[in-house]
Each structure stands twice: as structure tokens, then as C-alpha cells.
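The chains referred to below are lettered A, B, ... by the order of the sequence lines, with proteins before strands, and numbering in each begins at 1.
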4 protein chains.
Amino acid sequence: MHTRNGPGRPRSERCRQDILDAVDDLLVEVGYAAMTMKGIAERAGVGRQTVYRWWSTKAEVLLEACVEDFAEELTVEAHPDPAQDLLGYLCALTTFLIGDPPGIAYRALLGEAQHDAAVRELLRDDPLTSSAAAVLRRTGSPADSLAVAQFVGPVLSQVLVGPAPLDPEALRRHVDLLLTAWRA
Amino acid sequence: MHTRNGPGRPRSERCRQDILDAVDDLLVEVGYAAMTMKGIAERAGVGRQTVYRWWSTKAEVLLEACVEDFAEELTVEAHPDPAQDLLGYLCALTTFLIGDPPGIAYRALLGEAQHDAAVRELLRDDPLTSSAAAVLRRTGSPADSLAVAQFVGPVLSQVLVGPAPLDPEALRRHVDLLLTAWRA
Amino acid sequence: MHTRNGPGRPRSERCRQDILDAVDDLLVEVGYAAMTMKGIAERAGVGRQTVYRWWSTKAEVLLEACVEDFAEELTVEAHPDPAQDLLGYLCALTTFLIGDPPGIAYRALLGEAQHDAAVRELLRDDPLTSSAAAVLRRTGSPADSLAVAQFVGPVLSQVLVGPAPLDPEALRRHVDLLLTAWRA
Amino acid sequence: MHTRNGPGRPRSERCRQDILDAVDDLLVEVGYAAMTMKGIAERAGVGRQTVYRWWSTKAEVLLEACVEDFAEELTVEAHPDPAQDLLGYLCALTTFLIGDPPGIAYRALLGEAQHDAAVRELLRDDPLTSSAAAVLRRTGSPADSLAVAQFVGPVLSQVLVGPAPLDPEALRRHVDLLLTAWRA
DNA sequence: CCATAACCGAGACGGTACGTCGGGTCTTATC
DNA sequence: GATAAGACCCGACGTACCGTCTCGGTTATGG
């Protein structure tokens with residue numbers, strides 16, 4: 001949707017997509033840390049400058065490469081029972097963060113954001129927060145920032161910090177606690 | 001307590017400390033991202049190899065430089081009222097993660113851990129988790145991994161992900177919810 | 001005459017020349033032994049990799065920096081009298097090897113060649129041998145490899161090994177001996 | 001023959017010899033260029049400081065390790081026929097410089113001497129020059145520095161500079177020329 | 001016979017150059 | 001004017017060797 005009208009060759013959407021595909025591939029092949037702008041360009045069969053024309057950092061291009069996957073992976077179909085609905089979401093979230101390439105990308109970006117203000121800015125409209133809020137709303141639970149934090153925070157922090165994520169049984173007890181408290 | 005008994009000149013504890021001090025300084029002066037092994041060595045007035053002799057990565061030396069501060073900063077004196085006790089801890093935790101140099105270091109390390117298994121291993125015995133568990137125990141609350149996650153997870157995740165940490169009022173409501181649920 | 005036709009930015013002849021100039025300067029300022037690839041790059045105001053792109057060793061770049069001077073310095077105008085012609089050449093050769101920067105470079109390269117096969121290969125088409133052969137030919141003397149060795153060998157060896165080079169009187173006697181023997 | 005009489009442990013002649021042996025070994029195993037003071041010490045099973053106590057540079061210790069071999073290898077038994085005597089010496093000299101480890105060491109030292117004044121000083125009393133002078137004297141030929149240079153210079157320069165040393169036939173013609181000229 | 005002092009091995013120390021790699025910019029020819 | 005290619009400057013990487021120093025331990029002499 002580049003609205004340039006001036007002279008000259010327009011930017012190649014094909015290039016853009018090649019680069020994003022290359023990032024996807026490299027993420028699973030070499031991981032985030034070993035991924036370089038140079039490597040992305042070569043993998044995509046693209047000049048280095050072309051990458052910089054669209055995005056200025058590794059984090060930006062990675063975000064764009066994965067952002068669609070974020071929404072898709074975190075979209076869980078509703079369940080009539082609120083408890084099951086919330087539990088389903090948290091299970092999907094755990095799987096996403098632990099195993100999926102886009103989840104790994106998300107964690108890597110979250111990591112960069114801790115010592116890079118620019119990356120932090122990119123994550124301002126966090127896909128995780130908004131998807132969790134949606135689930136809370138459709139189950140009639142509170143969905144303010146505290147509620148969202150109480151809902152996903154324990155899961156997220158355990159994945160980021162702990163040696164192992166919360167297991168399904170723990171997730172069930174977590175949901176129970178929240179639902180009980182919110183209904184009171 | 002380095003138990004070298006072999007021959008040769010012993011390693012200089014003085015050098016070790018100079019390096020750790022340099023890391024402390026550089027953390028506040030240039031930040032984690034701009035800190036390099038080269039820079040550390042030069043700042044400490046030490047040969048580069050001497051740094052590598054003690055630690056092999058930036059993360060390792062940073063961890064050791066800050067690990068004492070972690071424990072110190074996260075130690076909050078007990079309050080007779082459990083609610084006040086827990087709240088005090090969470091406030092201190094928030095301050096620590098947002099503002100203190102060691103807290104910034106902790107976040108940076110947490111970030112690295114997301115795409116570096118070696119760093120993750122370093123953080124296996126997480127200072128945050130253990131200090132939080134201690135506070136929970138002394139207030140008579142449950143202190144298993146789920147409870148700890150429920151306690152600090154929302155705070156932590158909001159700091160790591162969100163645009164702003166939970167404010168004191170939200171923290172108070174969070175503590176109330178947990179205490180109510182746990183007492184039931 | 002680099003016959004690149006491929007794509008990409010062409011190598012900068014300007015850089016090449018800056019580097020060669022820097023080598024020339026450093027040779028007289030700090031000498032061969034203290035000359036480093038790092039120092040050359042910095043002196044030339046050039047990235048280190050740019051030096052390595054053109055030449056892979058200190059010896060190679062030094063050779064290229066001086067090879068033109070070699071030919072120039074060792075070119076002595078002909079003298080009608082063969083004895084004077086030969087003597088003039090040997091005097092010039094002595095001066096070249098003892099005092100001129102390019103001569104010092106030549107000796108340094110000769111030295112490296114003794115324990116570095118790659119440098120030896122660089123000196124395969126020796127400028128000294130060919131210039132001496134030319135002088136011998138124009139005076140009607142034999143110019144095979146033995147004759148060249150007999151002509152310049154004593155001068156060269158005395159410079160390389162001895163405490164002092166052959167003085168002009170000795171050079172005169174040397175030329176007389178050779179001319180007498182060759183005429184017989 | 002260190003004439004110390006004071007207290008303290010005397011220097012170990014055994015160490016000295018171990019070091020010299022190590023240098024001999026390393027010379028043939030890794031060559032001069034790859035030989036380091038560190039490597040010598042380790043090979044000799046000796047502290048680094050012990051090497052420095054006896055010699056201060058690689059060149060010094062190498063010279064001492066080989067100097068005895070120099071004299072030995074360059075000593076050729078006399079032949080009643082002067083031409084054969086001189087020829088025998090030059091053949092031995094060529095073999096020495098081309099093939100023998102001590103000969104290779106000599107060339108390496110000669111090389112260093114071209115850009116290191118200290119090494120040059122070490123070679124002031126050149127073993128090659130003096131042995132050649134001895135041979136000239138015993139055949140009744142002139143033995144001043146010019147004569148020595150005329151005798152060995154062509155051989156030496158061809159070894160140092162040329163692609164190949166003078167072959168035996170060339171050496172024979174060289175000797176003939178000199179003897180003829182000197183007898184006249 | 002023991003104190004002194006120089007030696008010994010080992011290896012850590014501050015430096016410095018190595019050759020490589022990635023970052024981000026630029027300059028070509030080509031499209 | 002966008003593109004692929006790739007050279008450019010810069011600076012950090014981790015390693016190697018330099019020559020010095022500091023250990024514990026050894027071995028002679030001299031008080």
C-alpha cells in the first residue's frame with residue numbers, strides 16, 4: 001500500500017515478502033541471537049540496503065515477520081464454560097511461548113525490549129495483552145490491566161523466569177482461583 | 001574461597017573485584033547493550049584475557065557483579081500485617097525492576113536468557129522467586145511455585161511487557177485478591 | 001587493471017594508493033619490524049579489512065609499495081667504459097641496499113623470505129637479478145645466472161652478512177677481476 | 001662457567017641444555033617463524049623466566065643452539081688440490097644453507113638481522129666468513145674481505161635470493177675463474 | 001644447622017596485534 | 001529510482017604471544 005506516485009521503480013513487494021520469509025526460516029534454523037541483517041539479506045537473495053529500506057533493525061523485521069502469527073496462534077475458539085475457555089487460552093499461550101517459532105520470536109523480542117527502548121516501543125500494543133483481554137471480556141470477567149496481568153502474568157513470568165512453565169493442573173487451579181475471586 | 005592449590009601465581013582477587021566494580025559502573029553509565037568485554041577490561045585497567053579467565057560472557061560477569069545486590073535489594077523487612085507485608089514486597093520489587101541499576105541488570109539478563117540457553121542456566125536459581133517465596137512463607141500463605149507465580153507474576157509481566165508497571169493501588173487490590181482467595 | 005566487471009561497488013583505487021603511501025611512510029618512520037597491519041590501516045585512514053582485501057600479509061603490501069622504487073633506483077645510466085659502467089652499477093646497488101628506504105624494504109623482504117615460503121615466492125622474479133643482468137649484457141659481458149651471481153653476489157653478501165659493505169676501492173678491484181677473467 | 005660464589009641456588013646447566021635441545025627440535029618441527037619463547041619454554045619443560053634469564057630474544061637462544069653446529073658443518077677436510085679444496089667447501093656450504101637445520105637457522109638469523117640491529121650484532125663475528133677465510137688461506141689464496149666475498153658471495157646470494165642455488169658445475173667454473181684471476 | 005638468597009615450575013598479569021565478523025553507509029551497473 | 005552486489009569505515013570479538021610478576025618450593029652457600 002505504498003502510495004508513492006513519483007518517478008522511479010516502485011518498491012518491490014516481492015522483496016519485502018522474500019525478506020520476511022527469510023526471517024521466518026532463519027529464526028528456526030539459527031535462532032534469534034545468530035540472526036544478522038547481513039544473513040537475512042543473503043538468505044532472501046536481496047541487497048542489504050533493501051532490508052534497511054523497509055526496516056531499520058533486526059527486531060523490527062522480526063516483529064513484522066511474526067506479528068500475523070502472533071494473532072493467529074493466540075486466537076483460541078470460545079468455549080461455553082468460562083473456566084474451560086480461560087484454561088484453554090492459557091494452555092494455548094503456554095504452548096505458544098514454549099514451542100512455536102513465533103512464540104520464541106516473541107520471547108526474543110521481549111528480551112531485547114528490556115535493554116532497548118526502541119524495541120520496547122514496538123511492543124507497546126502488545127498482542128498478548130489484547131488477546132487475553134478479549135478472552136476475559138467474552139467470559140464476563142474483569143478485563144482491566146490488573147485483571148489481565150493477574151490472568152496471564154503468572155503464566156508468562158513462569159515461562160520467562162522459571163525452569164519450567166506451569167503445568168496444566170496448575171493452570172486449572174489458577175483459573176479457579178481467579179474465577180472464584182472475581183465472582184465474589 | 002578459590003581453592004587453588006596448584007603451582008603458579010594465584011589469581012588476583014583484586015583484579016576480580018576491579019572488574020566487578022567496572023561492570024557496576026558501566027551498567028549505569030552506558031547500559032547493558034553498550035557494555036562490551038573490551039570496555040569492561042579497559043575500564044577495570046585489566047588485560048582482556050583476565051576478564052575471560054574468570055568469566056566467559058558478558059552475562060556471567062554481570063550476574064556476578066549484581067547477584068549480591070539482588071538479594072539485598074529484594075530483602076524487605078517483615079510487617080506484622082500480612083497484607084502490608086506482601087504489599088511492601090511488591091512495591092519494593094517494582095521499584096527494583098524499574099529503577100535500580102541491579103534491577104535493570106536483572107531485566108537485561110532475563111532478556112538474554114530468552115535467546116541464550118547458557119544465560120538461562122545462570123538464572124536457574126532465580127533470586128526473585130526465592131525471595132518472594134520467603135515472604136509468602138512468613139505470612140503463612142502458600143509458597144509453592146504456583147502461588148509464587150500468582151504473587152509476583154502479574155507484577156513482573158507488567159514490568160516486562162506493559163507500557164507501565166502496576167501502580168500501588170493495583171498492587172493493593174492484587175494482594176487483597178490473593179489473600180482472600182488463599183484464606184477461603 | 002583489475003578486470004572486474006561484476007556488480008557491486010568497485011574497489012577504490014584511492015584506498016589502495018592511500019595504503020601504499022602509508023606503508024612507505026611507516027617504513028621510514030618505524031621500520032619494517034614495528035610495522036603492523038593494524039598500524040598501516042590506521043595510518044591510511046582505512047578499515048583493517050580493506051587492507052586485507054588487497055593484500056593478505058605485511059610482506060605483500062610492502063613489496064607492492066616498493067617494487068616500483070626498486071626498478072627506478074636500480075636503473076643506472078650507461079657509461080661508455082664497461083668498467084665504469086659496472087662499477088657505477090655496483091656503487092648504486094650498495095647505496096640502494098644500505099641507505100634508501102626501498103633498499104631497506106628489499107632487505108627486510110629478503111629476510112622474511114628466508115623463513116617464509118610465501119614471501120620467497122613473491123621475490124621469485126627478483127628485481128636485483130634482472131637489473132644486474134641488463135647491465136652485464138650492455139657491456140658485452142656474460143649474463144647467465146653464474147655471471148650475475150659473481151657480479152652482484154659479493155656486494156650483496158657483504159651487505160647482508162658483513163659488518164660493512166665493500167668500499168668503492170674494493171668494488172673497483174672486483175670489477176677489474178671479473179672483466180679480466182671474462183675477456184680471457 | 002659462571003663465577004658466582006655468593007649464596008643462592010646456582011643456575012642449572014641442565015635447564016640450559018634442555019632449552020637448547022628444545023630449540024633444536026622446534027626448529028625442524030615448526031620452523032623459525034612459528035617458534036616462540038613460550039613454546040620453547042613449554043617444550044623444554046622449563047619456566048618462561050628461566051629462558052629469559054639466559055637469553056633475551058629468540059634469536060639469541062637460536063644462535064647459541066646452532067653456533068656449534070655452524071662450525072662443525074662448515075669444517076671441510078683439506079684437499080691437496082686447491083681447486084678441489086675450494087670446490088669442496090662451496091659444495092658443503094651450499095648443502096649446509098639449503099638443507100641442514102642449522103643452515104636453515106643461519107638463514108633465518110640472517111633474515112632477522114636485516115631488520116633487527118640486535119641480531120645483526122650477534123652475527124658480527126660471522127662463522128661463515130671466518131671458515132671461508134680459513135679455507136682460502138690454506139690454499140694460498142688471498143683472504144681479505146674482498147676475496148672472501150668474491151669466494152662465497154655468489155653462492156650465498158644465489159641461495160638467499162635466487163630460485164635455486166648454483167649447481168656443482170657452476171661452482172666448479174666459479175672456482176676456476178677465481179683461481180685463474182688470483183694466480184695472474 | 002639454619003638463614004639467606006638465587007634458582008626452579010607454573011601460570012596470572014597488563015598489553016598489543018592478530019584475522020574475522022557484523023553494523024550501517026556508499027557507490028557501481030542493471031533493470 | 002529501486003535493486004543486487006559488494007566495497008567502505010568502524011569497532012568488538014576471542015586468541016596468541018609478549019615480557020613481567022608472584023606464588024610455593026628447591027638447592028646451594030655462609031654465618
Side-chain angles (χ1 to χ4, degrees), chain A residues 2 4 6-12 14-15 34-42 44-54 56-58, chain B residues 4-16 18 34-42 44-54 56-58, chain C residues 4-12 14-16 34-42 44-54 56-58, chain D residues 2 4-12 14-15 34-42 44-53 56-58:
Chain A
H2 41 99
R4 269 198 339 85
R9 179 176 177 176
R11 288 194 188 171
S12 161
R14 163 67 179 270
C15 283
M35 200 168 64
T36 65
M37 292 296 259
K38 190 185 184 195
I40 293 168
E42 287 174 357
V46 143
R48 205 128 51 110
Q49 190 89 22
T50 301
V51 183
Y52 282 108
R53 227 186 307 270
W54 291 87
S56 57
T57 66
K58 178 165 75 157
Chain B
R4 261 201 352 84
N5 294 323
R9 179 176 176 175
R11 291 193 186 172
S12 162
E13 189 61 31
R14 163 67 179 271
C15 283
R16 206 183 93 92
D18 284 350
M35 198 168 66
T36 65
M37 291 296 256
K38 185 175 193 266
I40 293 168
E42 287 173 357
V46 145
R48 203 126 48 110
Q49 192 141 51
T50 300
V51 182
Y52 283 107
R53 226 184 312 264
W54 290 89
S56 56
T57 64
K58 178 167 76 157
Chain C
R4 263 200 350 83
N5 294 325
R9 179 177 177 174
R11 291 194 185 171
S12 161
R14 163 66 180 271
C15 283
R16 205 183 95 93
M35 198 167 68
T36 66
M37 291 296 256
K38 184 174 193 265
I40 293 169
E42 287 174 356
V46 145
R48 203 128 45 112
Q49 192 141 52
T50 300
V51 182
Y52 284 108
R53 224 184 314 264
W54 290 89
S56 57
T57 66
K58 178 166 78 157
Chain D
H2 43 100
R4 264 198 342 86
N5 293 326
R9 179 176 178 175
R11 289 192 186 172
S12 161
R14 164 68 179 270
C15 285
M35 199 168 66
T36 66
M37 292 297 258
K38 190 185 187 200
I40 293 168
E42 287 175 357
V46 143
R48 204 124 54 106
Q49 190 94 346
T50 302
V51 182
Y52 283 108
R53 229 187 305 271
S56 56
T57 65
K58 177 166 78 157

* May I have the distance from B/Arg11 (atom CZ) to E/dA10 (atom P), rounded to whole angstrom? => 17 Å
* **Any A/Arg48 side-chain nitrogen or oxygen under 4.0 Å from OP1 or OP2 of F/dG6** => no
* Structure fact -> D/Met35 CE to F/dA16 C1', in whole Å, measures 17 Å
* Asked: Toward the 5' end of DNA chain E, which comes first, B/Arg53 or C/Met37, by nearest nucleotide?
  -> B/Arg53
* OP1, OP2 of F/dA16 versus side-chain N and O of D/Thr36: anything below 4.0 Å? -> no
* Structure fact -> CZ (A/Arg53) and CD (A/Gln49) are apart, to the nearest 0.5 Å, by 5.5 Å
* Rounding to a whole Å, what distance do you find between B/Arg16:CZ and E/dC13:P? -> 12 Å
* To do: Verify the contact: side-chain N or O of D/Ser56 to OP1 or OP2 of F/dG19, cut-off strictly under 4.0 Å; return yes or no.
  => no
* So does C/Arg9 get a side-chain nitrogen or oxygen closer than 4.0 Å to the phosphate oxygens (OP1/OP2) of E/dT25? -> no
* Among the candidates F/dA4, E/dG24, F/dC23, find the nucleotide nearest to the side-chain atoms of A/Thr50. => F/dA4
* Structure fact -> When rounded to whole Å, the CD to P distance for the pair C/Glu42 and F/dC10 reads 10 Å
* With distance as the sole criterion, do the side chain of D/Gln49 and the base of E/dC8 form a donor-acceptor contact below 3.5 Å? -> no
* Between atom CG in B/Asp18 and atom C1' in E/dG14, what is the gap in whole Å? -> 12 Å
* Sub-4.5 Å side-chain heavy-atom contact between B/Met35 and B/Lys58 -> yes
* **Integer-rounded Å distance: E/dG14 P and B/Arg14 CZ** => 10 Å
* To do: Return the value, rounded to whole Å, for the distance between atom OH of A/Tyr52 and atom C1' of F/dG6.
  => 14 Å
* **Distance (rounded to the nearest 0.5 Å) between A/Arg48 CZ and A/Met37 CE** => 9.5 Å
* Nearest nucleotide by nearest heavy atom, which residue falls closer to the 5' end of DNA chain F, B/Lys38 or C/Ser12? -> C/Ser12
* To the nearest angstrom, how far is B/Lys58 atom NZ from F/dG14 atom C1'? -> 15 Å
* Structure fact -> Minimal heavy-atom distance between B/Asp18 and B/Ala44, with the atoms involved, is O-CB, 3.7 Å
* Which part of the nucleic acid does B/Gly45 contact within heavy-atom distance under 4.0 Å: base, sugar-phosphate only, or nothing? -> sugar-phosphate
